[in-house]
Amino acid sequence: MSLRHSAGQLSKRACSTASPASASPALPSLLLPKHRIIQMRTFATPVPPVTQNAVGSQGPTAMVFLNMGGPSTTDEVGDFLSRLFADGDLIPLGRLQNYLGPLISSRRTPKIKKQYASIGGGSPIRRWSEHQNKEMCKILDKISPETAPHKPYVAFRYADPLTEEMYKQLLADGFGNGKGGRAVAFTQYPQYSCSTTGSSLNELWKWRQRLEGKAGRGTIQWSVIDRWPVHPGLVEAFAKNIEDKLSEYPKERRDKVVLLFSAHSLPMSVVNRGDPYPAEVAATVYAVMQRLAFSNPYRLCWQSQVGPSAWLGPQTSDSVENYIAKGQKDLILIPIAFTSDHIETLYELDQEVIGESGHADTVKRVESLNGSPIFIDALATIAKSHLDNRVACSYQMGLRFFCRCGERICGINANASFVFAMIVGQQIACWPIEFAPYGCLVRSANHESPCFRIVTILYNRQRSSAELAVVKPYHRIQVQHRFNIADLLAAFLQVTQHSRP
Ligand SMILES: C=CC1=C(C)c2cc3[nH]c(cc4nc(cc5[nH]c(cc1n2)c(C)c5CCC(=O)O)C(CCC(=O)O)=C4C)c(C)c3C=C
Ligand SMILES: [Fe+2]
């Protein structure tokens with residue numbers, strides 16, 4: 001079997017035709033030498049893709065843009081903030097979430113309303129997201145006819161259209177409901193954070209379970225584009241906008257303009273648990289500078305911290321102040337972690353940082369990617385290679401447990417005696433259940449995710465052994481193998497290291 005077949009296909013096959021025993025060979029293979037693992041891949045049988053029409057296309061394909069969203073009008077600010085402060089993936093308030101969340105959001109609403117009023121009465125993110133997705137789908141129809149037609153959908157975490165609304169629309173449009181069909185969840189955060197993309201995926205998965213969890217066969221086959229921090233098209237789009245802005249400075253000063261990349265900050269508590277976002281943002285910055293042949297001095301700084309806790313620095317506003325105080329007044333601000341304009345570019349950077357710098361003629365900001373044709377082409381290229389590769393998600397997703405971001409979601413405490421595993425293609429990822437991704441899934445009747453084949457491993461702490469059980473909906477757990485949990489984890493790490501494409 002080609003590695004390129006999606007785990008979704010594997011899971012569908014396993015669920016619809018096989019007894020639990022048919023899923024077992026992949027796991028023992030982890031304990032085998034590498035050549036045996038590769039051999040096993042070639043034995044498996046390819047599964048034809050789901051087709052929804054009779055003319056040979058695998059389409060339609062739903063292309064679902066995930067993002068946080070923003071209030072389109074000032075009247076929506078209250079709801080936007082109350083959803084945002086209710087999200088424990090973004091702002092973990094523990095047991096006090098339901099009490100403190102509404103309190104903080106209602107206190108914050110008047111101030112934030114004024115900010116949205118001053119940028120034209122709302123966030124442009126919905127307009128840009130719909131435009132970018134529509135244009136990307138037009139390109140995809142041309143470059144990927146085998147998965148056409150591509151249908152654009154937007155799922156926001158805190159504003160309309162919410163994930164629930166998008167999912168219901170998908171079902172109304174003929175996806176799922178026994179017909180299967182393919183949908184790609186395409187995060188619009190280029191760099192992965194558990195607080196952003198992670199939160200959107202958990203929300204998507206929650207609604208998938210609610211709306212399709214009991215549907216059985218013919219549910220939507222999901223796969224995920226979870227990050228794309230150094231895609232050449234993204235890098236080119238940023239670089240082009242920077243070159244355009246640099247050209248506004250007189251030639252003799254141009255090389256000395258300091259490029260100040262600015263990304264939304266993260267609380268240090270999130271950084272310290274290993275969230276990949278800071279490293280991925282830095283990777284984008286370095287790739288852009290490489291493309292610019294390091295034409296200018298540059299720095300990365302962080303903006304928009306909220307509340308009194310420690311956040312990743314230096315703060316963008318402090319950096320600008322310091323450079324100006326030292327006589328460096330030619331500065332270009334480059335928002336590097338968001339793909340369209342929003343309150344942090346239009347209000348915080350333009351009005352606060354630049355407006356209050358006293359040097360609005362020499363401190364400038366590059367255009368956000370918004371309608372950039374280079375950027376929209378890049379989106380199409382990223383989507384095309386994802387569709388071609390038929391992988392469920394990036395390898396990085398399997399290591400999500402290292403940053404412990406599933407701990408809270410799962411609601412199972414750290415002493416839980418379960419290990420959770422998923423098979424991604426022919427790979428296996430596993431981790432203590434309290435760190436499992438899509439934690440809600442573990443509690444659901446149907447142990448199958450949109451992307452992954454799920455197996456559960458019951459871990460017996462006293463015996464330090466584990467029992468692999470394939471959990472089928474409405475079936476008793478069937479124990480199939482016993483093995484040492486340390487071996488299993490070691491094998492997992494070995495497999496992921498050796499079998500990257
Ligand atoms: C990559 C971008 C972002 C990361 C990472 C991120 C993390 C993060 N944000 C908060 C708290 C708030 N963010 C708010 C607004 C907001 N955040 C981002 C992007 C990221 N946030 C954007 C683009 C926006 C604005 C949306 C728009 O206008 O379209 C807000 C609300 C505004 C406010 O009250 O100041 C809060 C609150 C945390 C705690 C966090 C990391 C854990
Ligand atoms: Fe934020």
Practice item. Using the side chain to side chain donor-acceptor pair (under 3.5 Å) rule, collect all pairs that involve residues 355-364, keeping only residues at least two apart or in two chains. Key: E248-K364
Point to revise | Crowding at NZ, K245 (>12 non-hydrogen neighbours, <6.0 Å) | key: yes
**Study point:** Test log, rule side-chain contact (heavy atoms from CB on, under 4.5 Å), inputs S200 and N67
**Key:** CA-CA 7 Å; S200 284; N67 213 330; over 6 Å; no
Practice item. Assess whether side-chain contact (heavy atoms from CB on, under 4.5 Å) is satisfied between L379 and Q132, documenting all intermediate values. Key: CA-CA 8 Å; L379 291 174; Q132 290 161 344; 4.1 Å; yes
Practice item. Decide side-chain contact (heavy atoms from CB on, under 4.5 Å) for E76 and D79; before the verdict, give the C-alpha distance in whole Å, the side-chain angles of both, and the deciding distance to 0.1 Å. Key: CA-CA 6 Å; E76 294 170 28; D79 283 345; 5.5 Å; no
Exercise for review: With rounding to the nearest 0.5 Å, note down the distance linking NZ in K179 to CG in L171.
Suggested key: 9.5 Å
Review point. Which residues satisfy the side-chain contact (heavy atoms from CB on, under 4.5 Å) test with P314, sequence neighbours excluded?
Key: C301, W302, S319
Exercise for review: Output yes when a side-chain donor or acceptor of S144 lies under 3.5 Å from a complementary backbone atom of L140, and no otherwise.
Suggested key: no
Review point. So, does E165 use its side chain to make a donor-acceptor pair with the main chain of D160 at under 3.5 Å?
Key: no
Exercise for review: Verify the distance criterion only: is there a donor paired with an acceptor across the side chains of D275 and S193 at less than 3.5 Å?
Suggested key: yes
**Study point:** Result of checking I376, T345, T339, D341 against N370 for side chain to side chain contact (heavy atoms under 4.5 Å, CB included)
**Key:** D341
Practice item. Using a 4.5 Å cut-off on heavy atoms from C-beta on, say whether the side chain of Y189 contacts that of M68. Key: yes
Review point. Is the closest side-chain heavy-atom distance between C194 and V270 below 4.5 Å?
Key: no
Check your understanding: Any salt bridge between E243 and R291, counting N to O under 4.0 Å?
Key -> yes
**Study point:** Whether T381 side chain and D377 backbone form a donor-acceptor pair below 3.5 Å
**Key:** yes
Practice item. Apply salt bridge (charged side-chain N to carboxylate O under 4.0 Å, His left out) to the pair R365 and D350, showing each step before the final yes or no. Key: CA-CA 7 Å; R365 172 175 73 81; D350 293 356; 2.6 Å; yes
Check residues 110-122 and write down every donor-acceptor pair under 3.5 Å in which the side-chain atom is one partner and the other belongs to a residue at least two apart or another chain.
| residue | atom | partner | partner atom | Å |
| --- | --- | --- | --- | --- |
| S118 | OG | Q115 | O | 2.9 |
| S118 | OG | Q351 | OE1 | 3.4 |
| S118 | OG | Q351 | NE2 | 3.4 |

Exercise for review: Please confirm whether the backbone N or O of V258 pairs with a side-chain atom of Y323, one donor and one acceptor, at under 3.5 Å?
Suggested key: no
Study note, to complete from the structure: R157 and L162 have their tightest heavy-atom pair at O-CD2, 3.8 Å
Practice item. Mind jotting down which residue pairs meet the ring pair (Phe, Tyr, Trp, His ring centres under 6.0 Å) criterion with at least one end in residues 141-166? Sequence neighbours excluded, please. Key: none
Practice item. Test ring-ring contact (aromatic ring centres under 6.0 Å, His included) on W222 and F186 and set out the steps. Key: CA-CA 10 Å; W222 284 95; F186 190 169; over 10 Å; no
Practice item. Under the side-chain contact (heavy atoms from CB on, under 4.5 Å) rule, what do M289 and L259 come out as? Steps first, then yes or no, please. Key: CA-CA 9 Å; M289 288 312 301; L259 303 181; 3.8 Å; yes
Check your understanding: Does N133 reach the main-chain N or O of M63 with its side chain, forming a donor-acceptor pair under 3.5 Å?
Key -> yes
Check your understanding: So F294 and Y298, would you call those rings parallel, tilted or perpendicular, with 30° and 60° as cut-offs?
Key -> tilted
Review point. Could E236 and K240 be called an ion pair, given the rule that one side-chain N must be under 4.0 Å from one carboxylate O?
Key: no
Give every donor-acceptor pair under 3.5 Å between a side-chain atom in residues 280-288 and any protein atom, sequence neighbours left out.
| residue | atom | partner | partner atom | Å |
| --- | --- | --- | --- | --- |
| E280 | OE1 | Y192 | N | 2.9 |
| E280 | OE2 | R227 | NH1 | 2.8 |
| T284 | OG1 | Q191 | NE2 | 2.9 |
| T284 | OG1 | P229 | O | 2.8 |
| T284 | OG1 | E280 | O | 3.0 |

Exercise for review: Specify the closest pair of heavy atoms between S223 and R182, including all atoms of both residues, with the distance to one decimal.
Suggested key: OG-NH2, 3.5 Å
Exercise for review: Compute whether any side-chain donor of one residue and acceptor of the other, for S304 and E348, lie under 3.5 angstrom apart.
Suggested key: yes
Review point. Do you know the tightest heavy-atom contact between P335 and S368?
Key: CG-OG, 4.4 Å
Point to revise | Distance (rounded to the nearest 0.5 Å) between F85 CZ and F80 CZ | key: 9.5 Å
Review point. Has the side chain of W311 got a donor or acceptor atom that lies under 3.5 Å from a matching backbone atom of Q303?
Key: no
Practice item. Please tell me if the side chains of Q188 and I125 come closer than 4.5 Å, counting only heavy atoms from C-beta onward. Key: no
Study note, to complete from the structure: The residue among L84, D87, L66 that forms side chain to side chain contact (heavy atoms under 4.5 Å, CB included) with S199 is D87
Check your understanding: Backbone N or O of S195 within a donor-acceptor pair of the D89 side chain at under 3.5 Å?
Key -> no
Review point. With no hydrogens and no angle check, is any side-chain donor or acceptor of N241 less than 3.5 Å from a backbone partner on V366?
Key: no
Exercise for review: Report yes if some heavy atom in the side chain of E130 is under 4.5 Å from a heavy atom in the side chain of P152; otherwise report no.
Suggested key: no
Check your understanding: Any salt bridge between R208 and E203, counting N to O under 4.0 Å?
Key -> no
Practice item. Please collect all side chain to side chain donor-acceptor pair (under 3.5 Å) contacts where either partner lies in residues 324-334, sequence neighbours excluded, each pair once. Key: R253-D330
Check your understanding: Would you say D255 and L246 make side-chain contact, with heavy atoms under 4.5 Å?
Key -> no
Check your understanding: Would a 4.5 Å heavy-atom cut-off, applied to side chains only, mark D388 and E146 as touching?
Key -> yes
Check your understanding: Are any of the side-chain heavy atoms of M166 and V64 separated by less than 4.5 Å?
Key -> yes
Revision key, fill the gap. d(L260 CG, L333 CG) to nearest 0.5 Å is 5.5 Å
Check your understanding: Does the E212 side chain pair with the main chain of I220, one donor and one acceptor, at a distance under 3.5 Å?
Key -> yes
Revision key, fill the gap. Heavy-atom nearest pair, T109 first then S105, reads OG1-O, 2.6 Å
Check your understanding: Is there a donor-acceptor contact under 3.5 Å from the side chain of Y249 to the main chain of L331?
Key -> yes
Check your understanding: If we only count heavy atoms from C-beta on, is the K206 to R210 side-chain gap below 4.5 Å?
Key -> yes
